[in-house]
Asker: 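There's a structure below that I have some questions on.
Residue numbers start at 1 and run along the sequence shown. Quantities reported herein were computed from a predicted structural model and do not represent experimental measurements.
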Amino acid sequence: MTGRVHVIGAGLAGLSAATALAMSGRRVALHDAAGHAGGRCRSFHDEQLDRTLDNGNHLLLSGNQAALAFLDRIGARDRLLELRPAAFPFLDLATGDAWCLRPNAGPLPWWLLDRRRRTPGAGLRAHLAGLRLAFAPAGARVADLLDPAGPAFGRLWQPLAVSILNEEPGSGSARLLGAVFRRTLFRGEAACRPMIAARGLSDCFVDPALAYLTRQGATVALHSRLRALRMHGSRVAALEFTSGTIPLAPGDAVVLALPPHQASALLPGLPVPQGGSTILNAHFRLAEPARLPGGLPFLGLVGGTAEWLFARGDVVSVTVSAAGRLADRPAEALAAELWGDVARALGTGGPPPAYRIVKERRATFRQTPGEEARRPGPRTGIENLTLAGDWTATGLPATIEGAILSGARAARATLLPRGTAEAGLIRALRAPAPGISQGA
């Protein structure tokens, strides 16, 4: 097939699919209903703080092979700040205890034998309990495999589970959490180095992708909302946008890279995960550049409301995942409570400085075992339509890595005839990141 591929949705999943298709030589048209690309992974200028902010705080790891392959494709790997060696500082706001997790090189976790490199108050057995996640059955929740009363739970497993799954351990999928650990923590230091977008999410992921598509001759249409798919038999025959209808030629195809509720509205009967989980971010502008305890640009927090603290210049940002309990509280109350956590971490005081609160009420689907089972694959019953999105069946949680992987898989499904074996898929779209061996 050599026709045009219309990618509907310019979030990371859509950008991943569009750039992969363009790299393969297909003509690509990218559409998005918003006036900007990036979806939930983008930057914006906040007038009150007079700073460019990310709408969410994201920490990548060096084992995120799909994300790094995407950045290599668009020429933006150097826009990530990689922190070597891997280190994850934590602070208990309730007790003042501070520690830093420092995995060793290689897959054998000898670092757990060193009390200075692991969670305080938890021994070797409590840390090794996390290996149960690697073999989690489909219906297991995190709390089914990791004892909530265990010594490492509150300071290690719960913070990681909540931030990765955007779900509490009592309901979050153990299999999804285990999938992340198999690709990162369980593979040693080289696979779990923290990586941060140095100048923001748009500068790293979005702007270079749009520039790449332009160089490849793709078209990008913003403010372009898809209203309906017009069918003829088992194929999409036309795309009905608010601005008009685009008929599809016999060789044309569609990648639907929209949120699950929008995809199911366009495709009645499509099984999709239900509900959504909230992520809350608060951004504070300080009088001078911030220095976090431990000297790294991020800090894990336990014992308070804020869970992760990030610093970029004179702006500090905090993230609270699984934050549905906070979603309806007024911004002033949230700022005061979260600033209390930030002030304790920074060793400062006073009222909150200028701030911006960002609530993403549908930041992810509910990443429970039941909703995980509802995730569809990239192929549909429609011959020339595939699906992309972090909510599709990637085997990973709804993260940057999952979104980008879904786009690559949708591109492969579009490029190859139905029934083509996985072994025949395009190597460039599944190549591991340099320095990381390919594996589970």
Asker: Assess the pair Trp308 and Phe88: is the distance between their ring centroids shorter than 6.0 Å?
Answerer: no

Asker: Going through the distances and angles, do Arg285 and Asp46 end up as a salt bridge (charged side-chain N to carboxylate O under 4.0 Å, His left out)?
Answerer: CA-CA 11 Å; Arg285 181 175 172 182; Asp46 183 77; over 6 Å; no

Asker: Look at Arg366 together with Glu167 and state whether they make a salt bridge at an N to O cut-off of under 4.0 Å.
Answerer: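 So Arg366 pairs with Glu167 through a salt bridge.
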
Asker: Can you say whether the rings of Trp99 and Phe90 are parallel (under 30°), tilted (30 to 60°) or perpendicular (over 60°)?
Answerer: parallel

Asker: Which heavy atom of Ala209 sits nearest to which heavy atom of Phe205, and what is that distance?
Answerer: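 Looking at all heavy atoms of both residues, the closest pair is CB-O, 3.4 Å.
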
Asker: Does a side-chain heavy-atom distance below 4.5 Å link Cys192 with Arg187?
Answerer: no

Asker: Test side chain to side chain contact (heavy atoms under 4.5 Å, CB included) on Arg73 and Tyr212; report intermediate values, then the result.
Answerer: CA-CA 8 Å; Arg73 184 186 314 147; Tyr212 175 85; 4.2 Å; yes

Asker: Are Phe241 and His31 close enough, and set up right, to give a ring pair (Phe, Tyr, Trp, His ring centres under 6.0 Å), and what steps lead you there?
Answerer: CA-CA 10 Å; Phe241 293 94; His31 309 263; 4.5 Å; yes

Asker: Once ring-ring contact (aromatic ring centres under 6.0 Å, His included) is applied, do any residues pair with Phe284, and if so which ones, sequence neighbours excluded?
Answerer: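 So Phe284 forms a ring-ring contact (aromatic ring centres under 6.0 Å, His included) with Trp339.
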
Asker: First locate atom SG of Cys100, then atom CG of Leu91, and finally report the distance between them rounded to the nearest 0.5 Å.
Answerer: 12.0 Å

Asker: Which residues pass the side chain to side chain donor-acceptor pair (under 3.5 Å) test with Asp78, sequence neighbours left out?
Answerer: none

Asker: Which residues satisfy the side-chain contact (heavy atoms from CB on, under 4.5 Å) test with Ala327, sequence neighbours excluded?
Answerer: Thr278, Arg361

Asker: Just by distance, with hydrogens left out, do Arg51 and His45 show a side-chain donor and acceptor under 3.5 Å apart?
Answerer: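 Not at all, the side chains of Arg51 and His45 share no donor-acceptor pair under 3.5 Å.
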
Asker: Taking atom types as modelled and ignoring hydrogens, do the side chains of Glu372 and Ser173 form a donor-acceptor contact shorter than 3.5 angstrom?
Answerer: yes

Asker: Evaluate the criterion salt bridge (charged side-chain N to carboxylate O under 4.0 Å, His left out) for residue pair Asp54 and Arg312; output intermediate values, then yes/no.
Answerer: CA-CA 11 Å; Asp54 292 336; Arg312 181 184 292 134; 3.4 Å; yes

Asker: Given Ile8, which partner from the list Leu229, Leu385, Leu239 fulfils the side chain to side chain contact (heavy atoms under 4.5 Å, CB included) test?
Answerer: Leu239

Asker: Taking side chain as C-beta onward, heavy atoms only, is Thr52 less than 4.5 Å from Asp203?
Answerer: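 They are not in side-chain contact.
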
Asker: Looking only at non-hydrogen atoms, find the nearest pair between Gly377 and Leu387 and report the distance.
Answerer: O-CD1, 3.8 Å

